[in-house]
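Worksheet: the structure to be examined is printed underneath.
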Amino acid sequence: MNQPIIKPQTLRGFRDFLPETMIPRLQIIEAAREVYSRYGFSPIDTPALEYSEILLGKGGDETDKQLFRFTDQGDRDVAMRFDLTIPFARFAAQHINQLGTPFKRYHIAPVWRGERPARGRFREFIQCDFDTIGTESLAADIETLLVVHDLLEKLDVGEFTIRINHRQLLNGLLEQLGLLEHSKLLLRALDKLPKIGAEAVVKEMVETTGVDSAQGEQVLELASLQGDPATVLDKARGMITTSELGKTALAALTEITETCAAIGIKSGRLALDLSIARGLDYYTGLIFETFLADLPDMGSISSGGRYDNLAGLYTKQKLSGVGGSLGLDRLLAALEELGRLDAAATTSKVLIARFVENRLADYQKMSRMLHQSGIASEVFPEAKNLGKQLKYADKKRIPLALIAGDDEFANDQWQLKNLAQGTQQTLKSADVPGAVLKELAGA
RNA sequence: GUGCCCGUAGCUCAGCUGGUUAGAGCGUCGGAUUGUGAUUCCGAAGGUCGCGGGUUCGAGUCCCGUCGGGCACCCCA
């Protein structure tokens, strides 16, 4: 009869979520959904599993190694998606004729990467992506920045800065210097600027690409420009003299920043930072990262950019687009450090104490009356002593309790107790929902 | 994938150069108290010391492996 106990454990890099962490997660997801759909982005979903050939070779060797890949029961070579962009490319190639362009979608879903877990890095995590495809208009680039801006504003994370750059600006300079062939390695080195400093970046450039250090420093000089958009752009114009690529990029950045200013985006929230290069290879135009003023070390909590020909691997139709992604787990870590997280373990706002055993119907009736007023409430399942029941409410951070015993029932009355303030009032049952709403508004 | 650090109760940790039966605080559960929680008092449960092997008369302690966690690379949200 003695069955051996199976050790309860989760896989490395995979997590359980208890209510107190799941509730804020859902709040962030809800905020993202609200802002995305406010701008007309439509929800989509795609399968967790794809044919391996769909995913392989799309993010570089690194992501291939990180792929969870196996053979299914039908002997198919399959893999779990490691981001939402590649599946979206496949999705777009497959359905664009029914969708029409431009097409705007958002996709909030888990992705999987078999990489080594670290702080804020997991093997299963949620991405909150949104993209506009099928238009090369800068209007879409601008809208992308506005979505990020509005979302962060809604999430109440304090001040933040969206730092933008343009891939072709650096490529333009590289073109002038005759170094375009090394752009990938140079950009990768540049990306480390804040971490390892100017000297080390130049050193890495020289070592990995064979450029001379004067060229490296010139690249770095352009990349070091940051701050107020108008000033930075002026200086950049002085450096980009012959490259058409670079000039196009400057024009794009000028239009983007001037339009955002005209819309009324608070100055300081949008900055040019020519050192932002992004690790991913597929960006071709605007690129951006977002940092919190209070927690700059947290890294970018929302990033993205413009890419050409997203679905080129799956269709001959050219689909360029622009989009971004919200780093849910990083953002959550940030909110936690900033003390902006509710520790509530339930969404209940009212606990109805079950005090008299044979009055369950009356308690449930009251609960349903509250539900009809949009108030989350629950009846304690057992007729335990009142102290136990209030203790339960306290532990779950339920702010209010309703108590009625024989005395109250005889007079159609309820006691409404505010747990945080320790105050209590006696009410006619018809007045309870109104009083509850008032207490919740005050708390 | 490489290098370094760390695994003792649900959590945070103590446990001496290897030496009887591994402790504390917090939390949990029960009671004081079926008409009032977060404060107080009493009591209880909870551990194959991550797991496996080795050295030893004897291992939480030393060695190896493995799994898990953290940090730095790499990469990334």
Side-chain angles (χ1 to χ4, degrees), chain A residues 4-5 7-16 18 28 32 59-67 81-85 108-129 148 187-189 191-192 195-196 200 204 208 277-281 289-291 298-304 323-334 343 351 353-357 359 380 382-409 413-426:
Chain A
I5 296 289
K7 187 178 173 191
Q9 56 182 343
T10 52
L11 285 165
R12 174 170 220 203
F14 289 73
R15 297 164 291 166
D16 285 328
L18 273 57
I28 293 173
D61 304 343
E62 208 53 48
T63 42
D64 281 3
K65 270 191 266 167
Q66 295 177 358
L67 217 51
R81 63 177 175 225
F82 63 89
D83 76 1
L84 299 178
T85 307
I108 299 173
V111 302
W112 297 271
R113 292 181 195 176
E115 68 180 330
R116 195 160 175 166
R119 183 169 82 106
R121 282 170 76 171
F122 308 96
R123 288 186 164 177
E124 177 182 57
F125 59 96
I126 294 202
Q127 289 196 322
C128 307
D129 277 28
V148 171
L187 290 177
R188 186 165 295 167
D191 210 27
K192 297 177 192 165
K195 227 176 198 171
I196 63 178
E204 182 175 328
T208 58
R278 302 290 304 130
L280 289 172
D281 301 334
E289 300 193 335
T290 310
F291 296 86
M298 184 64 71
S300 172
I301 53 163
S302 178
S303 42
S325 181
L326 179 74
L328 181 72
D329 289 292
R330 259 186 204 177
L331 185 59
L332 210 57
L351 176 77
R354 184 179 182 186
F355 188 59
V356 183
E357 177 98 38
R359 288 282 192 167
F380 195 84
E382 296 167 44
K384 282 193 184 173
N385 66 38
L386 205 47
K388 285 267 150 34
Q389 302 191 43
L390 291 175
K391 205 167 174 174
Y392 167 84
D394 190 63
K395 189 181 154 195
K396 294 281 169 75
R397 304 265 177 109
I398 300 174
L400 301 173
L402 275 170
I403 300 157
D406 291 329
D407 297 349
E408 284 83 359
F409 283 123
Q413 284 177 337
W414 288 82
Q415 305 285 343
L416 176 61
K417 186 178 177 75
N418 184 319
L419 280 298
Q421 291 164 16
T423 54
Q424 189 164 323
Q425 54 187 309
T426 306

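Here is the naming used below: chain letters follow the sequence lines, and residue numbers restart at 1 for every chain.
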**Complete:** When rounded to whole Å, the CD to P distance for the pair A/Q413 and B/G35 reads 19 Å

**Message:** From the set B/G35, B/A77, B/G31, return the single nucleotide nearest to any side-chain atom of A/K388.
**Reply:** B/G31

**Message:** I'd like the P distance from B/U39 over to B/G27, given in whole Å.
**Reply:** 7 Å

**Asked** Any idea which heavy atoms bring A/A32 and A/I108 closest together, and the distance?
**Response** CB-CD1, 4.2 Å

**Message:** Can you check the distance between B/U20 and B/G15, where both ends of the measurement are the C1' atom (answer in whole Å)?
**Reply:** 15 Å

**Request:** Provide, to the nearest angstrom, the distance between the CG atom belonging to A/D329 and the C1' atom belonging to B/C76.
**Result:** 13 Å

**Item:** Who pairs with B/G52 - Watson-Crick or G-U, where each distance is under 3.5 Å
**Value:** B/C64

**Asked** How far, in whole Å, is B/A14 from B/G7 if one measures between their P atoms?
**Response** 9 Å

**Prompt:** On a whole-Å scale, what distance lies between the P atoms belonging to B/A22 and B/G68?
**Reply:** 30 Å

**Asked** A/G324 near the nucleic acid: base, sugar-phosphate alone, or nothing, with a heavy-atom cut-off under 4.0 Å?
**Response** nothing

**Request:** Starting at atom CZ of A/R397, determine the distance to atom P of B/A38, rounded to an integer number of angstrom.
**Result:** 14 Å

**Asked** Using purine N1 to pyrimidine N3 plus N6-O4 or O6-N4 for Watson-Crick, or N1-O2 and O6-N3 for G-U wobble, each under 3.5 Å, what pairs with B/G25?
**Response** B/C11

**Item:** Watson-Crick or G-U counterpart of B/G1, or none if no pair lies under 3.5 Å
**Value:** B/C73

**Request:** In whole angstrom, give me the gap between the P atoms of B/G18 and B/A59.
**Result:** 13 Å

**Asked** Roughly how far apart, to the nearest Å, are B/C29 and B/G46 at atom P?
**Response** 16 Å

**Candidate nucleotides B/C29, B/U34, B/G37, ranked by approach to the side chain of A/K417 - the nearest** = B/G37

**Fill in**
When both distances are under 3.5 Å in a Watson-Crick or G-U wobble arrangement, the nucleotide paired with B/U34 is none

**Prompt:** Just checking A/K391: base, sugar-phosphate only, or nothing, at a heavy-atom cut-off of under 4.0 Å?
**Reply:** sugar-phosphate

**Asked** Expressed in angstrom and rounded to an integer, what is the separation of A/E382 atom CD from B/C29 atom C1'?
**Response** 13 Å

**Message:** According to a cutoff of under 5.5 Å between the ring centres and under 30° between the ring planes, does A/Y392 stack with the base of B/G37?
**Reply:** no

